Amino acid sequence: MNINTDLLHAHQLHARLTGTYKPEAMAHISPIYQTSTYVLEDFDSAVYLNQHVDEGFVYTRFGSPNCDELEKKIAHLEHAEAAISLASGLGAISTAVLSIVKAGDHVVFGDVIYGCSYTLFAKVLSRLGITYTRVDTSNVQAVADAIQPNTSLVYVETPANPTLKISDIAAISEVVHQHEGITLIVDSTFASPYLQNPLDLGADLVVHSATKYLCGHGTVTAGVIAGSKARIDRCRMPYLQCFGAVLDPFAAWLLMQGMKTLGVRMERHCSNAMKVARFLEKHPKVDRVYYPGLESHPTHEIAKKQMHGGYGGMMSVDIKGGMDAVRKVMNNMKIFSLATSLGNVDSLIQHSPSMSHFDMSPEERHAASIFDGQVRLSIGIEDVEDLIEDLDQALKLV
Ligand SMILES: *Cc1c(COP(=O)(O)O)cnc(C)c1O
């Protein structure tokens, strides 16, 4: 062989000739299939597999062993027939939504949801002839009243970002499924499959930003959708294939590592958050704490019934003194990092009105209790006394 051929093939020829070519060595942790394409055995299997991409690996946009392994695990955790992984939470949400809605349809979604999910419905899909109604989804009657003859989707986020409002999935499912042809999607990111299983309560699809608790370490952006095989097949082909929000094999591999500790992490997130919420609730510089584990939370009873005995690691806090007080607190935190995102092992603080929810109008934000003096805390798994001390020293400066 000549040099340029050798540069590409010498190691493979050597391995084949010496019998050391073992693509399926028995690794304890799956290898990372960092490849965009797969060598197909012969012409006939190439023809077959290109038309049956779920029976083998052809091209990474159609599927990879790392994503496949992850998807089987997610399906198991969400008690679903099938799951699909995507490049981000919004990749999952937009793919799931577009697998359902078409021009002329109407969507019902919550008045409090993640900022970019709001933007998807209010500013992107509305341009494609899809109308919407925003409702307080913690009020089941309001959801029922918002349904129109052309409604094809009810979209609920619970617990909701950032005010932790809880919506009753089982009750909404009952209302939605009295109508023919309406799909119920639940964004369960804040709960993770450890604390809540929306499909068991009647949702048709559950979506997660796996960037958050599922990963847990802030090392990837990823999203997942779980549901029936027919619905997930449809998300995969044509929607994921055409929009292309495919999860990278290395990101899928990192997510697999992160998910191993989801249970122990969530237990600690929940117990730390409960203690921090109780501390802040009594703090003289705090007006209000939004944490569904507190009896004072307006939808605490639904959370108690619907979640598996824990309320998660997320809370929002109204600080006395508005934006100036917020600036002082956020600039003086020592352990909490000033960063958006959430669900990491380490604690984060952000200002929802100007960060995650800046795209909503001030009127929409205020109506949804997202006030200018509000910070959102993602409580990590540090020693809780240190987190409380950090918050206390910053609040004392206000
Ligand atoms: C972060 C988040 C998303 C978006 O996920 P990305 O991975 O950032 O695309 C969607 N829903 C909720 C509730 C979130 O917190």
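Order of appearance sets the numbers: ligands from 1, and atoms from 1 within every ligand. What you see below is based on every heavy atom in this structure, not just the backbone, and it leaves out hydrogens, waters and symmetry mates. Just so we're clear, the structure is a prediction, and the values are computed from it rather than from any experiment.
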- Message: Show me which atoms of ligand 1 lie under 4.0 Å from any heavy atom of Phe190.
- Response: 15 (O)
- Query: Can you list the ligand 1 atoms lying under 4.0 Å from a non-hydrogen atom of Glu157?
  - Reply: 13 (C)
- Item | Region of Thr221 engaging ligand 1 - heavy atom pairs below 4.0 Å | neither
- Message: Need the ligand 1 atom indices (1-based, order shown) with element for anything under 4.0 Å from a heavy-atom of Leu342.
- Response: 15 (O)
- Message: Under 3.5 Å between any N/O of Ser117 and any N/O of ligand 1: does that happen in this structure?
- Response: no
- Ligand-side contact atoms (ligand 1) for residue partner Asn161, heavy atom cut-off under 4.0 Å: 14 (C), 15 (O)
- Query: Are the aromatic rings of Phe109 and Phe121 close, with centres under 6.0 Å apart?
  - Reply: yes
- Give the atoms of ligand 1, by number and element, whose distance to some non-hydrogen atom of Gly89 is under 4.0 Å. 5 (O), 6 (P), 7 (O), 9 (O)
- Query: Can you find an N or O of Gly91 that's nearer than 3.5 Å to an N or O of ligand 1?
  - Reply: no
- Where ligand 1 meets Lys212 - atom numbers and elements under 4.0 angstrom, heavy-atom basis: 1 (C), 2 (C), 3 (C), 5 (O), 14 (C), 15 (O)
- Against heavy atoms of Ile93, which atoms of ligand 1 measure under 4.0 Å? 10 (C)
- Have a look at Ser209, Ser188, Ala210 and point out the one with the heavy atom closest to atom 5 (O) of ligand 1. Ser209
- Message: Show the nearest heavy-atom pair for residues Val345 and Arg265, with the distance to one decimal.
- Response: CG1-CD, 3.4 Å
- Message: I'd like the name of whichever of Val220, Asp187, Thr340, Thr158 reaches closest to atom 12 (C) of ligand 1 through any heavy atom.
- Response: Asp187
